[in-house]
Amino acid sequence: MTAYLDNNILKLLAAAKKKGYTLKNTMETPTEREARKQQEEQEITKALIEGRNNAYWEQYSLWANGKPEGEFTFYNWVPDKQQDVTAAKKVARQALDLTKRLTKETFNVTLSGLPGVGKTALALAMSDRLRQAGKSVMFVSTAELKHLYSTGYDDDEQKRLLKFTVEKMKEVDVLILDDFGTEGDMNAQGKVRVRSDMRDDMYRVSNARLEKITIITTNNTLKELNTMYDPKTIDRLIPKSDGYRIVFRDMKSVRRREI
Ligand SMILES: Nc1ncnc2c1ncn2[C@@H]1O[C@H](COP(=O)(O)OP(=O)(O)O)[C@@H](O)[C@H]1O
Ligand SMILES: [Mg+2]
């Protein structure tokens with residue numbers, strides 16, 4: 001009888017183990033109990049951080065044409081798409097090297113060049129790496145952000161979303177400002193300026209991010225950006241050193257022409 005029972009228990013245990021269940025040791029010592037509680041706490045903290053990081057990317061980001069399907073990683077970068085293959089390899093190399101440093105250091109990076117050369121693609125590849133390294137990353141299309149200022153003017157829901165977005169832009173570890181400069185409008189004097197409410201907010205954002213990472217894609221020159229925004233904002237956002245500026249020189253658009 002005993003042997004029969006033991007066998008059954010063993011079978012049950014084997015089946016439970018197969019399903020991934022583990023038996024809790026009911027005779028746990030106080031030290032073991034403390035260790036288990038600590039591990040559980042660590043797991044909860046890790047899950048909370050992961051959840052928070054995901055929210056920045058999945059919910060708080062502002063995409064120009066909706067969130068892209070799938071991820072763009074450094075493996076998806078095809079230098080042969082450019083006539084100047086060496087130049088295409090060079091920008092990706094620089095982006096990858098800087099990304100590796102950004103897992104340990106804090107500085108801003110710009111990716112500048114004509115439309116369609118792959119600036120956003122490489123910014124997405126950088127985001128992918130930095131998210132994997134445990135950083136919270138938020139993608140903000142500045143054109144979409146500008147749109148929120150217009151719609152938020154007489155729509156309270158949009159106004160709340162705008163306020164929330166700006167707060168998150170101040171807090172996130174890594175902020176991607178995509179197509180920075182496209183939000184400018186020609187004023188009566190023929191100068192391109194960014195609307196004043198957005199300009200003021202961007203100054204506050206740049207101030208809050210002095211110890212954080214901001215990655216900017218743009219096809220505007222520094223001079224143009226300084227006209228559009230308060231130069232203090234640009235001074236805080238655009239890195240001084242050439243090493244942190246990725247320039248897509250002599251590269252052509254690879255974007256398929258819309259039919
Ligand atoms: N070297 C490349 N390898 C693979 N895909 C590329 C490359 N360059 C650009 N693309 C793709 O071409 C399209 C346009 O690039 P994008 O990054 O949007 O350009 P930009 O931001 O400079 O205007 C995107 O779909 C992007 O993924
Ligand atoms: Mg782009």
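Nothing fancy with the numbering, it's 1 onward along the sequence. Both counts, for ligands and for their atoms, begin at 1 and track the order of listing.
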Flag yes if [X] and [Y] sit in one hydrophobic cluster, no otherwise; membership is Ile, Leu, Val, Met, Phe, Trp, Tyr, and two members link when side-chain heavy atoms are under 4.5 Å apart.
{"X": "Leu145", "Y": "Trp63", "answer": "no"}
{"X": "Leu161", "Y": "Trp57", "answer": "no"}
{"X": "Val166", "Y": "Phe139", "answer": "no"}

If you have a sec, work out which protein heavy atom is nearest [atom] and how many Å separate them, to one decimal?
{"atom": "atom 19 (O) of ligand 1", "value": "Gly118 N, 3.1 Å"}
{"atom": "atom 13 (C) of ligand 1", "value": "Val254 CG2, 4.4 Å"}
{"atom": "atom 3 (N) of ligand 1", "value": "Val78 N, 2.8 Å"}
{"atom": "atom 7 (C) of ligand 1", "value": "Trp77 CZ3, 3.7 Å"}
{"atom": "atom 18 (O) of ligand 1", "value": "Arg255 NH2, 3.0 Å"}
{"atom": "atom 6 (C) of ligand 1", "value": "Lys81 CD, 3.9 Å"}

(message) Check the orientation of Tyr244 and Phe107. Use parallel for under 30°, tilted for 30 to 60°, and perpendicular for over 60°.
(response)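 Aromatic pair Tyr244/Phe107 classed parallel.
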(message) Side chains of Asp178 and Ser141 only: does a donor on one sit below 3.5 Å from an acceptor on the other?
(response) no
Consider every N or O of [X] and every N or O of ligand 1, then say whether any pair is closer than 3.5 Å.
{"X": "Ala121", "value": "yes"}
{"X": "Gly116", "value": "yes"}
{"X": "Val117", "value": "yes"}
{"X": "Pro115", "value": "no"}

(request) Establish whether atom 25 (O) of ligand 1 and some protein heavy atom are separated by less than 4.0 angstrom. (result) no
(message) If the cut-off is 4.0 Å to any non-hydrogen atom of Asn76, which atoms of ligand 1 fall inside it?
(response) 3 (N), 4 (C)
(message) Take a 6.0 Å sphere around CZ of Arg52 and say whether it holds more than 12 heavy atoms from other residues, nucleotides or ligands.
(response)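 More than 12 within 6.0 Å, yes.
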Residue-level breakdown please: for [X] versus ligand 1, do any non-hydrogen atoms fall below 4.0 Å on the side chain, on the backbone, on both, or on neither?
{"X": "Phe72", "result": "side chain"}
{"X": "Lys119", "result": "both"}
{"X": "Asn219", "result": "neither"}

(message) Closer than 3.5 angstrom, by distance alone: can the side chain of Lys119 be matched with the main-chain N or O of Thr218 as a donor-acceptor pair?
(response) no
(request) Return yes if some donor-acceptor pair links the side-chain N/O of Arg101 with the main-chain N/O of Asp97 below 3.5 Å, else return no. (result)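 No: the side chain of Arg101 does not pair with the backbone of Asp97.
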(request) Verify the ring-centre separation between Phe164 and Tyr60: is it less than 6.0 angstrom? (result)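 Yes: the rings meet the under 6.0 Å criterion.
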(request) Flag Thr120 as yes if one of its N/O/S atoms falls below 2.8 Å of the Mg ion (ligand 2), otherwise no. (result)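 It does: Thr120 brings an N, O or S atom closer than 2.8 Å to the Mg ion (ligand 2).
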(message) Testing the basics here: between Arg199 and Val194, what is the closest heavy-atom pair and its distance to 0.1 Å?
(response)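 Closest approach of Arg199 to Val194: NE-O, 3.0 Å.
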